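Given the structure is predicted, the values throughout are model-derived calculations rather than measurements.
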Amino acid sequence: MSHSTVLKVQQQIGGKFNAELIDAVRSGMRFRIVGDNVNFKVGVSRQREDKVGHMEHWFGSIAIIQHTNFNNLTVQRPQRPLLQMPPSAFLPSPEDMMIIKKDCVVLVMEVLVEHIPAFNCFKPLLLDMKRKLQPPLDVFDTTKTNTVIPLPLLCKNEQKYADVVDVLDSYEQLIGDIYTKAGIRVDDSTKVHIGGDQLTRERFSGAKRLRATALSSRERFQHLTPITFEFFHLQMNFLTIIYKLLYNKDSTEAGTLHAEKIRLRRSQVSEDVKNNYDACKELAISVTNGHVISAVLKHFKMESVDSSLPETFKEIDYSRITCEENLSIIQKQFGVFVDSFILKNANTLHQESQPLKPKSYYKVVCLSKEGKPMTIFIPLLSENTTNKHSCDEADTVYEYAHLMLEMGFAFKCLLLNVNIPNRDRMLPCLKYLMCILKANNNHSKYSLEILRLLALQQSILDEKSAYETFYGLFVNTQGKFDSSFGCDLQMEHMVRLTKDHIKSVHSNKTEKTLVKRTAAFAGMDKIACQYDMISDCVIRKQRHRIPSSKEDEMSVIAGLSHVNPFEYHQGRKMDSYPKSVTSPLKSINIDHIKAWIQNHKGNFMYEIGQ
């Protein structure tokens, strides 16, 4: 086939890219849109003063068809008056911490079944526990797959608000075309959920505010709501914090991230988590798993991974391993472990503010502007700023190990809740992560994004829209109950596909050519799948088998066995950490967090760019 014929065929296919969207809308389904910048470099063979290589910034989007139906839920808006909700409603409650604890128990059991032979008998119970993490089938079916449809590339840059306004105009045009061809009238009740990473969400909301005074609902982008951030970039941001706290290039001590990177020959790992996410994630998980095995051996007084089951598990009825009695025993035994090693700093998150103790403040009496006497109490030292041990007495190995468990399991809880989406479990996890992010960096953008999402989910949106929005944040392409992932990760895959096609057009990187090529993605994929089906093409069941990290993690466990990181030794030091690393939750100021939440509630309530 000649090149000109290829271009003609692509143009014909590209004109039908929205056929699936039309059919979906006609059958009563919804769709949402995710967008992100596509950045690529355009080079020149011979440079001149007016002809040099440069970066191009275009905008790509995908539409994801939603197969969920929440018509049985109420549409009363708001669910609760946001301004009347106390700040504590956005912080982890004791009930929320119980949900997080149960997630941690599942994650601990997963590691033990993999690495300690004595716990292999709990494998059926573990599978049963993971399946119970799913929401009820009448709420959301985690095994349903989503249809992803790439949209044509736009010669727009999200860094410019004028271009973002054009992007939203194109979305409104797309919605109008699809609903019209589906025979459905677009009115004020037509809502399409859009979003992207934190920057994209911010740009979308800002562009919507710029059009707030337009005459028509289409010009005000009223059909593009709600606007949310996505979870994959939250995962990346949280992993970056883990490496900021626990990765030191000078560290050679066993159990530290950099030392294990060298010993396990993970050369792709670096402080630049954004460009090496997969490698950094795998190392962090492996080191966390090594630490949790070391902590379990310490807690249950087991000599090694080859030891027999502790006496506390002897009362389990192995003939009915998945019964509720066995589950309650597991939850009780490992719940104590989780409280002692993983969530030991989380108790302060749901405690009420304590009054200042006597002799912990100066009492100053002065006159107000009106001449009335006024008493001011000036704190001398806040209790949460005092350390249990002084710098000279602190055990930096002990502190590092506990922080590795705390941050590693917070990250793994996020991954678990993304893989098995359940709104009742994810919201408590988000509250917990928000506190960690805010305590680590008072200006954290993602802590504010989480607070905004919580306000939408718990108050601003009606119940039906809240559920549609939450479960629209995930995409499942494999059909397994634990194979969901963030929509922005699917967008990253599409960006990579787009860049591969951009390379194939060589020097012909014009707007017309790229729009034709990207508009044909969905049709080309459908034609290829149809050809494979009618030609009885044998598709490999598993294309890229992920190699097991068990041997690497056993190596980490062996190294930690010589260190005994969870035994406190006064004054024990690591040369690379002269000062002990501390959990962000140890220095958290709950009153400050509550004031921050209170200040932003009004902004979210009256936000134009929802």
To the nearest 0.5 Å, what is the distance between [atom1] on [X] and [atom2] on [Y]?
X	Y	atom1	atom2	answer
His402	Ser580	NE2	OG	12.0 Å
Asn476	Ser483	CG	OG	3.5 Å
Asp424	Leu133	CG	CG	12.0 Å
Leu91	Leu349	CG	CG	7.5 Å

For [X] and [Y], indicate whether the former's side chain and the latter's backbone hold a donor-acceptor pair under 3.5 Å.
X	Y	answer
Gln66	Ile64	yes
Asp488	Met491	no
Arg220	Ala212	no
Gln610	Phe604	yes
Asn419	Ser484	yes
Asp96	Pro428	no
Arg425	Ile100	no
Asn37	Glu158	yes
Arg572	Asp395	no
Arg30	Lys191	no

What's the verdict on side chain to side chain contact (heavy atoms under 4.5 Å, CB included) for Thr200 and Asp197, showing C-alpha distance, side-chain angles and the deciding distance?
-> CA-CA 5 Å; Thr200 304; Asp197 58 27; 2.8 Å; yes

So, using ring-ring contact (aromatic ring centres under 6.0 Å, His included) as the criterion, who are the partners of [X] when residues are at least two apart?
X	result
Tyr277	Phe232
His592	none
Tyr467	Phe70
Tyr577	Tyr400

Would you call the rings of Phe334 and Phe337 parallel, tilted or perpendicular if under 30° counts as parallel and over 60° as perpendicular?
->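 Perpendicular, since the angle between the ring planes exceeds 60°.
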
Aromatic plane relationship, Trp596 with His600 - under 30° parallel, 30 to 60° tilted, over 60° perpendicular |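 Correct class here is perpendicular.
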
Using only heavy-atom distances, determine whether the side chains of [X] and [Y] contain a donor-acceptor pair under 3.5 Å.
X	Y	result
Thr142	Gln134	yes
Arg203	Gln159	no
Thr240	Asn237	no
Asn289	Lys412	yes
Glu406	Asn345	yes
Gln76	Thr74	no

What residue pairs, at least two apart or across chains, pass salt bridge (charged side-chain N to carboxylate O under 4.0 Å, His left out) with a residue in residues 434-449?
-> Arg201-Glu449

With sequence neighbours excluded, what pairs up with Glu324 under the side chain to side chain contact (heavy atoms under 4.5 Å, CB included) test?
-> Lys132, Leu327

Test Val165 against Phe221 for side chain to side chain contact (heavy atoms under 4.5 Å, CB included), laying out the working first.
-> CA-CA 9 Å; Val165 169; Phe221 306 134; 4.1 Å; yes

Identify, with sequence neighbours excluded, every residue that meets side chain to side chain donor-acceptor pair (under 3.5 Å) alongside [X].
X	result
Ser251	Glu253, Thr256, Ser576
Thr228	His193
Ser328	none
Glu110	Lys130

Smallest separation among heavy atoms of [X] and [Y], with atom names:
X	Y	answer
Lys208	Leu224	NZ-O, 2.9 Å
Glu399	Val581	CB-O, 3.5 Å
Phe238	Met407	CE2-O, 3.6 Å
Glu219	Arg211	O-NH1, 3.0 Å
Val34	Cys487	CG2-CB, 3.8 Å
Ser61	Ile33	CB-CG2, 4.2 Å

Qualifying ring-ring contact (aromatic ring centres under 6.0 Å, His included) pairs with a residue from residues 406-425, counting only residues at least two apart or across chains =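 Non-adjacent pairs meeting ring-ring contact (aromatic ring centres under 6.0 Å, His included): zero.
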
Quick one: are Arg32 and Ile194 in side-chain contact, heavy atoms under 4.5 Å?
-> no

Side-chain heavy-atom pair Tyr471, Val139 within 4.5 angstrom cut-off = yes

Exceeds 12 heavy-atom contacts within 6.0 angstrom, atom CG of Asp188 =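 Open: at most 12 neighbouring heavy atoms sit under 6.0 Å from CG of Asp188.
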
Considering the options Glu463, Arg423, Gln79, which one meets the side-chain hydrogen bond (donor to acceptor under 3.5 Å, both in side chains) requirement together with Gln457?
-> Arg423

Show your reasoning for whether side chain to side chain contact (heavy atoms under 4.5 Å, CB included) applies to Val269 and Asn276.
-> CA-CA 6 Å; Val269 175; Asn276 302 277; over 6 Å; no

Could you walk me through whether Phe341 and His299 pass the ring pair (Phe, Tyr, Trp, His ring centres under 6.0 Å) check?
-> CA-CA 9 Å; Phe341 287 86; His299 181 73; 5.8 Å; yes

Report yes or no: is the cationic atom of Arg131 (NZ for Lys, CZ for Arg) under 6.0 Å from the centre of the six-membered ring of Phe481, at an angle within 45° of the ring normal?
-> yes

Kindly determine whether Glu607 and Arg209 satisfy side chain to side chain contact (heavy atoms under 4.5 Å, CB included), including the steps that lead there.
-> CA-CA 9 Å; Glu607 181 184 5; Arg209 284 193 291 270; 4.0 Å; yes

Verify side chain to side chain donor-acceptor pair (under 3.5 Å) between Gln198 and His233, making sure each step is shown before the conclusion.
-> CA-CA 8 Å; Gln198 190 273 331; His233 284 80; over 6 Å; no

Quick one: which residue pairs count as a side chain to side chain donor-acceptor pair (under 3.5 Å) with a foot in residues 329-344, not counting sequence neighbours?
->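 For residues 329-344: Lys101-Asp339.
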
